[in-house]
J.: 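The structure follows.
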Amino acid sequence: MSKLDQIVVIEPPCDLKFKGPFTDVVTTNLKLKNPSDRKVCFKVKTTAPRRYCVRPNSGMIESGATVTVSVMLQPFDYDPNEKSKHKFMVQTIFAPSTATDMDAVWKDATPDDFMDSKLRCVFELPTDNDKMDDVEANKAAPILNSKADGTSAPKPISASMDDSEVKKLMDECKRLQYDVGKLSDENRQLKDEGLRMRKVHRSDNIVSSSGAMMSKQHSSSSLPSLLVVIAAIFIGFFLGKFVL
């Protein structure tokens, strides 16, 4: 561990703190800095691999560079009375300057080459002060955004309108109500006119139907009379022929 402190600086050095509530994924960052003049390969391991997602969980740190590792705790039912036993271990090893294959570097290394540092996981629930800070931050965000956009926050209606504007709105409402009533009356009149026109049209159809029926009856009654006259003429013609 003393060797590791000499070549890699870990922040935080001892505890990985996760602040709840734990109903969603909680992420904590782990920074690895390489102050040496050589490349360093690293691996991040945990005693509870199913509970955490680590990105990246391995890699190479150039000389003087810093790598940020995101440790994501998956949602779970948190019990304040249960003490966390989860731990993380950062394992590092010096790599040759020409190294490109990290698997080969770890495979060829001896146990004495490994340097490691262990970190303890700490679960914390948000305090009342933290909750109040979050509420204040959420309230301040719209105001800051409006200032950044060059606009001001909207004022309440009662504060932005004077009595004259309120009176104008009331008059406009009354006028709209009158127009609505007028349109309703006109619609009713149009309905009544339509009903009357349908009744008149129906009466005309009845009258025309009656006239057609009467003309049919007259033609049918005149037809037998015409046949009788024609029959009488033929009978008279044959009788006169026999008598002569």
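Computed from a predicted model, the values in this text were never measured in an experiment.
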J.: Keeping the roles fixed (side chain from Asp113, backbone from Thr110), state whether a donor-acceptor pair exists under 3.5 Å.
T.: yes
J.: Nearest heavy-atom pair of Gln91 and Trp106: which atoms, and what distance?
T.: O-CH2, 3.6 Å
J.: Looking at Phe94 and Arg38, what are the two nearest heavy atoms and their distance?
T.: CB-NH2, 3.5 Å
J.: Check whether Asn34 reaches the backbone of Glu62 with its side chain - one donor and one acceptor, N or O, closer than 3.5 Å.
T.: yes
J.: Which of parallel (below 30°), tilted (30 to 60°) and perpendicular (above 60°) describes Phe22 and Tyr78?
T.: tilted
J.: Which pair of heavy atoms, one from Cys53 and one from Gln74, lies closest together, and at what distance?
T.: CB-NE2, 3.7 Å
J.: How about CG on Asp77, more than 12 heavy atoms from neighbouring residues, nucleotides or ligands closer than 6.0 Å, or not?
T.: no
J.: Between Met60 and Val67, which heavy-atom pair has the shortest distance, and what is it?
T.: O-CG2, 4.5 Å
J.: What pair of heavy atoms forms the shortest contact from Ser117 to Leu119, and how long is it?
T.: O-CD1, 3.9 Å
J.: Answer yes or no: is there a donor N or O on one side and an acceptor on the other, between the side chain of Thr47 and the main chain of Lys87, under 3.5 Å?
T.: yes
J.: Applying a strict under-4.5 Å side-chain criterion to I, L, V, M, F, W and Y, I'd like to know whether Val54 and Phe76 cluster together.
T.: yes
J.: Does a sphere of radius 6.0 Å around CD in Glu186 hold more than 12 heavy atoms from other residues, nucleotides or ligands, not counting ones at 6.0 Å or beyond?
T.: yes
J.: Can you see which heavy atom on Lys19 is nearest to which on Val26, and at what distance?
T.: O-CG1, 3.5 Å
J.: Rounded at 0.5 Å granularity, tell me how far CE in Met197 sits from CD in Glu193.
T.: 6.5 Å
J.: Whether the side chain of Thr92 engages the backbone of Cys41 through a donor-acceptor N/O pair (distance < 3.5 Å, no angle test) should be reported.
T.: no
J.: How far does CG of Asp79 sit from CZ of Phe123, to the nearest 0.5 angstrom?
T.: 11.5 Å
J.: Taking ring pair (Phe, Tyr, Trp, His ring centres under 6.0 Å) as the definition, give me every residue that meets it alongside Tyr52, ordered by chain and number, with sequence neighbours left out.
T.: Phe18, His86, Phe88
